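None of the values given here were measured: they were computed from a predicted structure.
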Protein chains: 2
Amino acid sequence: MSAYADHIATVKARFDAALAATGFDSVLIYAGQPRVAFLDDNPAPYKVNPLFKYWVPVIESPKSAVFYQPGQKPVVFLFKPRDFWHAEVKTPEEEWQQHVELVVIDSQEKMTDWLGDKIKSAAFIGEDFAEPVASWPVKARNPANLIDHLHFHRAIKTAWEIENMRQANKLAAKAHLAARDAFMAGASELEIHHAYLAAINFRESQVPYNSIVALNEHGAVLHYDVYETSAPEQSRSFLIDAGALYRGYCADITRTYAREEGFFADLIAAMDDAQQSLLGEIKPGINYYELHVSQHLKIAKILSEFGFVKGTAESIYEQGYSSAFFPHGLGHFIGLQVHDVGGFLANDRGDTIARDPRHPFLRLLRDVEEGQVFTIEPGLYVVDQLLEEHADNKDFNWEKIAELRPYGGIRIEDSIVVGKDGNNENLTRDAFAELGS
Amino acid sequence: MSAYADHIATVKARFDAALAATGFDSVLIYAGQPRVAFLDDNPAPYKVNPLFKYWVPVIESPKSAVFYQPGQKPVVFLFKPRDFWHAEVKTPEEEWQQHVELVVIDSQEKMTDWLGDKIKSAAFIGEDFAEPVASWPVKARNPANLIDHLHFHRAIKTAWEIENMRQANKLAAKAHLAARDAFMAGASELEIHHAYLAAINFRESQVPYNSIVALNEHGAVLHYDVYETSAPEQSRSFLIDAGALYRGYCADITRTYAREEGFFADLIAAMDDAQQSLLGEIKPGINYYELHVSQHLKIAKILSEFGFVKGTAESIYEQGYSSAFFPHGLGHFIGLQVHDVGGFLANDRGDTIARDPRHPFLRLLRDVEEGQVFTIEPGLYVVDQLLEEHADNKDFNWEKIAELRPYGGIRIEDSIVVGKDGNNENLTRDAFAELGS
Ligand SMILES: [Mn+2]
Ligand SMILES: [Mn+2]
Ligand SMILES: [Mn+2]
Ligand SMILES: [Mn+2]
Ligand code: NI
Ligand code: NI
């Protein structure tokens, strides 16, 4: 069986279970459609419903849908407008078409005509802000229990999904190297952003999230989303968090570079060691929260060794000092979505795992299992707003922190496929290695 | 009085009249906020409410608002989040701040606290898909009569608005020349798209609409929104429809280029003459519909002279032949929005002008008045879907049409400010002229 055949069989089985558990006969998954801006006629970039692209790698066909009834072949209604305004949507022959009943439609009425009374017993999953979708007589709209069930099991990726993420990482790694070269050549943030996109022939609306392209101090702004159009007088450091998409699957990679040898380059190397040594601790059975804490202790050790804060790793962590430098979560699931769903789900009935107020931004609290894919992205930054509360604390070496401030911060982010007994795959490092980097 | 002072005085007067006519005491214009994708946490690019940026040139501050009560200074609630996730929103000192009461807020509650009971008598204009906005106890949400009143009068631009469009055209013209050079150098559509953006330091989400970057046959797809990543073997022709934004005001420019001298270059020159000769007919008092028909007759003449269709200009137009080659409207208002509002409004009470079924895509049916700004964008394309119905028609020279097909088509689009007695300003040609082109 091919990887895709195996994938769609798994998707079917998961929908069978989810529909059975929630009492629905069938499901209609609408791909979505672009929204126009307020009082305007300009559409926003279209983003496909993730649960639609779970079935078929079709990401640029708004107004399409999948109809699935357990025991039957899934039906893909592929919307191809027939007008002279838009380029014809090409549908090259691809393997997925052999596994579904493909119905090409040029109006949404053709879909509802085909479905007839079947639509009345279907659970609808998708956005329904526009007519005629808003008026379809479906049985239920986005039922939470059905979606939770699906989201819980999506955590375990099929081989086909992992292969797509492997390819997405290769694309992103290639673009990362182009961005690094642009940084080394003294480019502005916007120029680096464009170098990144050009290297892999992506347009901005095709990357899976707003790339973070941060020079110097900007590296300390966690969701930095500005692209300065002129280069700073001196480019000291560069933090880039940017991804790519392959067949609808995401890469999410962060790298940090120093322009010159010295203190900051050494700190990057130490953070890189800390991240890599954490990777060795990932294995089925432990909880992701433990990894987060373990990473905190390693960062606390760096804080101590580099002289930013006094104390042992344990005391630095226990007093919450490391959270001032590493305020965000260690990582998150990744797959069809950059922040893939289900990180807080305790089971497929929708019960959630309570967050720890000590680590409020951690998005993943589940036990580690074989076949999960998640990021590991420790960071260390000078975030003045967080350091404020320690202003009078003698354990903090403010001179040393001031030395780091002009560099912003460091984050290193890889995507890991959990294997048996710690035989994990690092999609990101492997992609860079293939490029000789 | 400065241009902006004059502008905001006009905006106030227009709101005074609109509120009086519709019976509201005051208005709360919400800037909007980004929407996240379905089942996801990734926000779409933020687009400000056009009626918010009508007041102040602030386009990157979601969750802000303007509150205006006739007779009072307008209050601008400028939202600046205080968190360590995002870059601080800079608010350089600008003239508009002297004309409003500026209230910087870091939570939406601060706005509603400030307003107190006043919110209950305000008409709300904006998107309200998120809380707490959805629950604000305003008097009315997006009342159509108030919005129609405002939209009708927005057609007449202030000097400040025209100056902003002048600057937007200069930006876009500069980028157009970079795109032309990339085309001449044999670049792919995506490379040309990136050259365009790089030339003016724009990122893709900052241009006011999806640029159309079409090589060869693609020029005939009216809303072509694909950017091919490899260049065709032979780049014969290039149609680019792309704009820019300056202080929230739009440019919308189309140019068509031939790679070599000859038949297609001659046809571009003829279309350029036809467009320019139409510009001389624009004057207050005539109806935009008449311009559309006049342009059709000029294009019909070209169709005849180049031998695409047999007949006189009149017979070609009357038989509907020219509509097969020039199917879209002559143009539209432009300003805060690319397709600026009010093109079908007969008056400020919201009555609409009936569309002519013969020219269903014409977006502007109003009488021409001094101070209006609109585009003039004639086109001539080989659109097979439209030619189909004439397949057996002997008046059509199919060999000649086949000769044109590989070039796609031609469109030439300028933005015109209507002056007194035909003393119009061509924002687009002036911008190119300033660049020596
Ligand atoms: Mn991440
Ligand atoms: Mn990331
Ligand atoms: Mn236009
Ligand atoms: Mn245009
Ligand atoms: Ni953010
Ligand atoms: Ni379109």
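Residue contact with chain A, scored on non-hydrogen atoms closer than 4.5 Å, involves the side chain of B:Glu228 exclusively. Looking at A:Tyr227, the atoms closer than 4.5 Å to chain B (heavy atoms on both sides) all sit in the side chain, from C-beta outward. Using a 4.5 Å cut-off between heavy atoms, B:Leu39 touches chain A through backbone and side chain atoms alike. Proximity to chain A is absent for every atom of B:Tyr381, based on heavy atoms less than 4.5 angstrom apart. The parts of B:Phe38 that come within reach of chain A are both its backbone and its side chain, each placing non-hydrogen atoms under 4.5 angstrom from that chain. The contact between B:Asp40 and chain A is made by backbone and side chain atoms together, counting heavy-atom distances below 4.5 Å.
Ranked by heavy-atom pairs shorter than 4.5 Å toward chain A, the options B:Gln337, B:His328, B:His218, B:Arg82 are led by B:Gln337. Chain B forms more heavy-atom pairs under 4.5 Å with one residue of A:Asn49, A:Val226, A:Val383 than with any other, namely A:Asn49. Among the candidates A:Val341, A:Leu386, A:Ile147, the residue making the largest number of heavy-atom pairs closer than 4.5 Å to chain B is A:Leu386. Counting heavy-atom pairs under 4.5 Å between each of B:Asp83, B:Leu51, B:Asn201 and chain A puts B:Asn201 at the top.
Side-chain contact check for B:Pro45 versus A:Pro45: some heavy-atom pair is nearer than 4.5 Å. Using a 4.5 Å heavy-atom threshold, the side chains of B:Arg363 and A:Asp41 count as touching. With contacts defined as side-chain heavy-atom distances shorter than 4.5 Å, the pair B:Leu197/A:His194 qualifies.
By the 6.0 Å contact criterion, NZ on A:Lys53 is enclosed, its count of non-hydrogen atoms from other residues, nucleotides or ligands being greater than 12.
Remark: A:His151 pairs with no residue by the side chain to side chain donor-acceptor pair (under 3.5 Å) rule, at least two apart or across chains. Under the rule for a side chain to side chain donor-acceptor pair (under 3.5 Å), A:Ser323 has no partner lying at least two apart in sequence or in another chain.
To the nearest 0.5 angstrom, B:Lys47 atom NZ is 7.5 Å from A:Asn42 atom CG. The distance from the CG atom of A:Leu190 to the CD1 atom of B:Ile200 is 10.5 Å, given to the nearest 0.5 Å. How far CZ of B:Phe84 is from CG of A:Asp384: 12.5 Å, rounded to the nearest 0.5 Å.
Relative ring orientation between B:Trp85 and A:His223 is described as tilted, the plane-to-plane angle lying within the 30° to 60° band.
When the heavy atoms of residues 207-215 of chain A are compared with those of chain B, the residues falling under 4.5 Å are A:Pro208, A:Tyr209, A:Asn210, listed by number.
Each salt bridge (charged side-chain N to carboxylate O under 4.0 Å, His left out) pair with one or both residues in residues 199-215 of chain A, not counting sequence neighbours, appears once here: A:Arg203-B:Glu204, A:Glu204-B:Arg203.
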